[in-house]
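Structure record follows, encoded as C-alpha cells.
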There are 2 protein chains.
Amino acid sequence: MFSRFRRAERKGSVPSVVVLGGGYGGVYAALELQGAAKRGEIKLTLISRENFFLFQPMLAEVISGSISPLNVVSPIRRIVPHAQVHQAEVESVDTGSRTVAIRYPGHARLTTISYDHLIFAVGSATNLSQFPGVEEHGMSFKTLGDAFRLRNHLISMLEAANVEDDPFYKMQALTFVIAGGGYTGVEVTSEINEFLRVASRSYRNVNPEDFRVILLHRSGRILPELGEKLANLSHRLLERRGIYIRLHAELKGATGQSALLADEVYIPTKTLVATIGASPNPILADLPCETERGRLVVDETLAVKGGENLWAVGDCALVPDVLRGGFCPPTAQFALREAKSAAQNVLATIRGTPTKHFRYKSRGVFVPLGGFAAATEAFGLEMSGFLAWWLYRTFYLLQLPRLERKLRVVTDWTLDLIFPPDIVKVDIERPRGTSRRHYEAGEYIYRKGDIAYEFYVVLTGEVEVLREEDGRESGVAKLGVGEYFGEMSLLNSAPHASSVRAKTSAQILVMTGEDFLALASSSSLFGDMLREVVERRVTINAANQSKER
Amino acid sequence: MFSRFRRAERKGSVPSVVVLGGGYGGVYAALELQGAAKRGEIKLTLISRENFFLFQPMLAEVISGSISPLNVVSPIRRIVPHAQVHQAEVESVDTGSRTVAIRYPGHARLTTISYDHLIFAVGSATNLSQFPGVEEHGMSFKTLGDAFRLRNHLISMLEAANVEDDPFYKMQALTFVIAGGGYTGVEVTSEINEFLRVASRSYRNVNPEDFRVILLHRSGRILPELGEKLANLSHRLLERRGIYIRLHAELKGATGQSALLADEVYIPTKTLVATIGASPNPILADLPCETERGRLVVDETLAVKGGENLWAVGDCALVPDVLRGGFCPPTAQFALREAKSAAQNVLATIRGTPTKHFRYKSRGVFVPLGGFAAATEAFGLEMSGFLAWWLYRTFYLLQLPRLERKLRVVTDWTLDLIFPPDIVKVDIERPRGTSRRHYEAGEYIYRKGDIAYEFYVVLTGEVEVLREEDGRESGVAKLGVGEYFGEMSLLNSAPHASSVRAKTSAQILVMTGEDFLALASSSSLFGDMLREVVERRVTINAANQSKER
C-alpha cells in the first residue's frame, strides 16, 4: 500500500484534507493532522464560523467574570498555523464532485473548496421553534456572545431592581429561570446564582434573599449525563445554595414578562436561559449518507456509513461505543478523542496503513457548582466540595491550548479569589432596527401615557386597543394579522393616548421609531399606506365615540 | 454662616447634591463629595448613562488588546459607594422646580429627582450630520463599545484580505482612514497601525507592506492641543512608523466603499474612524443659562453664569483660565481638577464658607505612539521614545481608580510584552433588523448573480436597475425616493437577476430578508402593496423589452 502514497507524491498532487467546524472536534482533528501538513504530506484546510476556538468548559465562568471573556477563546490561526483557515459558513457539501461550498461573511458569492478527505465536526444546532416566544425572549448559552449578553443582562436586572418601587416588578426582575437541567444548564445555574449573590452587595436596594433562581428540568432527575449518585449529590448541593429545582417541569413558551410551563403555570421573569432544543445541524440533512436522529452514523473507525472518504466526530456523529456497547455520549471529552482517532485514520487511509477502531473510556467528570465547589466522579472516586473544585480547575487548565491563555486564566482566577466579581455592564449592541416579540393573552404591549418610541405590526394573533374611563378599561378596537399600531403617537411625538394589550397569544414585529419615521417620511408608498391606516383608525375612534354618546 | 448649616441639620433636611454624568468630571466630583455624604452632611446622587467609569486614556489600548476591554472600566458603584447611583438617561432639567427628569433603560416613564445643588459634567456629544454617510459607515471612538467594535472590525478586514483574490478589493480592505488629527485621532491611528503590523503575521496572504493607514487632518498641523515642537515630533514619529498623514484634508462624507474628501478625492476603504464632529450636549440647549458654542459659561468658582446653585465642569463647561488667560482646554486632566474644585465650592456654599477660584496648570502631556514609544512634554521636559512611553504608562496607572484594576492592567501589560496581540474576533452584535447605508453615484448596491438576503428602500436620491447584454450594462429602470427593490429575488429565493447601482448620491434603508419576508407574508397591507410593486415592475420590464425589439 506504500506504493499508492508514493504514486500520489510523484504526480505532485498532495491529498487535500478538509475539516468542517472550529469547535472541540474540528480543532483537535486539525491539531492531530498538523504534523503531516507541515511535512507537506497533506494539504490541511479548516473551515470555521468563528476565527477563534471557544474553550467550552470555561464558558460559564464568563458569567461571573472569574475569567475575562477573551481568555476562554483562542485564535484558531495561532493554534494550527500549518492549516489554511477559512472563517466562513458552510453552505453545502457535494459528495459527487467532492467539494464544499463556503461563504465568507459579507460576501455575496460562494467559494468552492475541493477535498480528498472530509471530516465533519459541525456540532449540533439549536431549534426552539417548538417553544413559542423562547427564540425572541429566551437566551441561549452556546457562544461567547451568549455568555457576554447573559452577563450584561444579569447586571441590567440588578440595576432595574435597585430602582424599582413596585414589589411585583422587583420580584420579576430578580427571578431567573434556566430551562434544561443537563450539564450546561446546571453549570449556568450555579454561576448565575453565585454571581448574583456577590454582585448584589453593590446594590443598596437589592437583598440576596430576594433572588429566585429556578432550574426547570423535564424528567425526574437532573444531569442525565452522569451517574445517579453524582447527580443526586449535585442536586442537594444546588438546593443548599438556595437554587429552586423544579423536576418534571416542561417549558412551553415565553413572553417578555414570563416563562410559561406546560401545566399553564406562569413564572414572572425577565430572564429565561434555554439550554434545551438541541437539533441536528441542517448541513447534514442533504447528505446521501446514513443518519439517525440527525446525526451521521459512523463505523468503529469513525468513517461515515454510506459515504466515501467522509469522517465524522463530536456531536454531529453517532459513534458506536466499542468498550461498553451503545453509543458514545455527545461530550467535549469524547469529541476530543474521536477527533484524534479520526485524524489518525485519515492519515492511515492516505498512507495505505491499517485504520484503527475508536476506543475511549471517560476517566472523569466534573460538575462545577459555584462558590469554590464542584462535584466529581474521577478516577473511580466520587467527591464534592473544594478539593473536587480544585481538581476540576487544574484538569481543564492543563487542557487549555497555548501557554499564554493558561497564564491569563490563572491570573484571572487568582484575582477572583481576592476581589469581588465585576459589575460592569457593557452595551455592545446598538439598539436599532426591527425585532420580534411574543405576547400571551392579557399582556400589555404598552400602556396609556407611556413614551412612544416604537412601531408595531401584528405578525400572528390579535391585540386590542383599550380606552380608560372612570378607572375602567374597555376595548375600542381589535387589530389582527398585518395591522399596525403605535404610529400616531410616533408621528405626533406624544405619549401613547391609549393602551394596547394582546387579546390572544400574539407575535409582534417591532420597529424603532427612528427607522419608522425615516420610512414614513421618505417613502411615499409606505407613507400613503400609513396615512390610510391613520385615517381609518381615526374614523373608527370617532364612530366608537359617537356610539357611546 | 455656620448657623445656616446647623439650621438645615435641625430641620432634618440634608441638602441634595446631584451630579450629572459618569465620565471624568462626574466621577471625580462625586469622589470629592463622598466624604460629606458618608458623614450625612449631604445626600449625594450620581446619574450616569453607563454603570461604569471609562478610563478614557487607556481606551485606545483596547484596540491592540494590550489591555483587556473590561479592565479599562470600573463599576461606578464600587468607586463611590456612598453615592446613590442611577444608571439612566437625563431627559431634562427644570431649574425652576430644581428637578431633573431621568429615564431608566427600558422604562417607559420618567423619574424625577430633586436637587439643591446640581453639577453638570455631561461632556460633549458627537454630531456627524454634516458629513453624509459617516454616521452609517464611519465608526466613532468614544465608548468601550466603539473600541470593541473597531477591534473586531480590524480583524474582519484581515480575514477578508486574507481570502481576497481581486487586488482592488484587497487594497480596499487593507486601507484604514482616520479622520481628525487631534489627541484621540493620533492615539487611535498609532494603535491601529501597531496592531495590524503584528497581527498580520498570522495571516498567510497579508503582508505588512500592503497596509495603508491614513490620518486626515483639516488644518496645517496635527495635535492642535499640544505645543508645536511636540506636535512636529509626533508627526515625524508617526510617519517613520509607516503612517500616511494628509494635512489640509477635510472629510466630506463616506459610503460603504470609500471615504470622500472635500476635494472630491475618493479613498477606497471599508474602515473610516471619525474622531471629528464634537458638538454640544443637547441637554444644555434648553437651560435658561449663558452658553457659548454650546458650552455652559461658568465663573472662576465654576458656578454657571445666570444659574442658581448650578455648577459645570469638563467638556460641557467654558472655564476661564485664571493663570494664563483665555479658557481651559477640554482635556481629561482639566476635567479632573475642575471637578474637585467645583465639589469643594459646593460644600463651601452649603457650609457658608468662602468659595475658591479654580486654578490649575497642566504639568505634562503624553502622546502614546504605539510600539513602546510615546512623545511627552512633562515637568518642563520634552522627550520621545521608550522612556516617555514608560513615564506615560506609570502616570496613568497611578491615576487609575481601584487597586484591583491597577493589578489587572499591570498583568495585561506584562503579558503584552511577551505575547503577540490577540486576533480573536467576537461577534457580539446579532445581525438583524434594519440599517441605513449611504451610496455615492456609480456605486453598486448589488450585482447580478449575488445572493439575495436583503430588501432595500430608497430614502434619498435615485438608483438604477441595470441589465447586462453582450457584456454591456444599460439602465432599464430608475427608482426614486420611497421605491423598493430586491424583493423579487427574496420572494423567489434566487440570486439577483439584475444589478442595481446608485445614480445619484443616495441613502438606502436596508432590511434583513428574514424580517422582510415575515412582514410580507403575514402583513396583508404590506403584502398587497408589495404585490402591486412587483406587478408594476414586471410591466415596466415587459414594456422595455418590447421597446427594444
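What you see below is based on every heavy atom in this structure, not just the backbone, and it leaves out hydrogens, waters and symmetry mates. Lettering of chains follows the sequences in order, A, B, ..., and the numbering in each one begins at 1.
- Contact annotation: the side chain of Arg77(B) never approaches that of Arg201(A) to less than 4.5 Å [non-hydrogen atoms, C-beta and beyond].
- Residues Asn205(B) and Gln84(A) have side chains in contact (heavy-atom distance under 4.5 Å, counting atoms from C-beta outward).
- Judged by the 6.0 Å and 45° rule, Arg103(B) forms a cation-pi pair with Tyr453(A).
- With a 4.5 Å cut-off on non-hydrogen atoms, Glu164(A) touches chain B through its side chain but not through its backbone.
- Proximity to chain B (any heavy atom under 4.5 Å) is restricted, for His86(A), to the side chain, taken from C-beta onward.
- With chain B as partner, the option from His496(A), Arg447(A), Arg109(A) having the largest number of non-hydrogen pairs under 4.5 angstrom is Arg109(A).
- Put simply, the side chain of Asn162(A) does not reach to within 4.5 Å of the side chain of Val85(B), judged on heavy atoms.
- The backbone N or O of Pro81(A) lies less than 3.5 Å from a partner atom in the side chain of Arg204(B), making a donor-acceptor pair.
- The side-chain heavy atoms of Ile155(B) and Asn51(A), taken from C-beta on, include a pair separated by under 4.5 Å.
- Interface check for chain A: of the options Ile76(B), Ile451(B), Leu110(B), Thr111(B), the most heavy-atom pairs under 4.5 Å are formed by Ile451(B).
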